[in-house]
Amino acid sequence: MCLSCGCGEPDDDHGNPDHITWTDLRKASRAADISPAQAADNIRSGMEALGTPPS
């Protein structure tokens, strides 16, 4: 899905590049030499560390 809105479309940014897509997550995970799942976990952990827990 557009990972930031949860629409169910993995790579549809709805015409707005500010949305996070599956491609964005894969590129970030490759840059860090980690899996996309680990990148997503790291994003969640980072949000929690900032005091912004995911809802």
Side-chain angles (χ1 to χ4, degrees):
M1 65 219 122
C2 161
L3 300 175
S4 44
C5 82
C7 67
E9 298 294 326
D11 257 336
D12 184 357
D13 69 3
H14 311 293
N16 184 341
D18 291 340
H19 286 290
I20 300 168
T21 63
W22 172 240
T23 296
D24 297 326
L25 186 64
R26 283 189 2 234
K27 285 198 270 186
S29 69
R30 278 190 234 127
D33 198 26
I34 58 176
S35 70
Q38 183 63 56
D41 288 344
N42 292 346
I43 291 168
R44 178 180 290 271
S45 294
M47 293 292 297
E48 290 170 351
L50 289 170
T52 312
S55 47

Checklist entry - Going by heavy atoms in the side chains, are L25 and L3 under 4.5 Å from each other? => result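 In contact.
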
Checklist entry - Is any side-chain heavy atom of T23 closer than 4.5 Å to a side-chain heavy atom of R26? => result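 With C-beta onward as the side chain, the pair touches.
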
Item to check | Residues I34, N42; criterion side-chain contact (heavy atoms from CB on, under 4.5 Å); working and verdict | outcome: CA-CA 10 Å; I34 58 176; N42 292 346; 3.6 Å; yes

Please report the closest heavy-atom contact between [X] and [Y], naming both atoms and the distance.
| X | Y | result |
| --- | --- | --- |
| S29 | A39 | CB-CB, 4.0 Å |
| I20 | S4 | N-OG, 3.0 Å |
| D24 | H19 | OD2-O, 3.3 Å |

Checklist entry - How about D33: does its CG atom have over 12 heavy atoms from other parts shown lying under 6.0 Å from it? => result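 12 or below, so no.
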
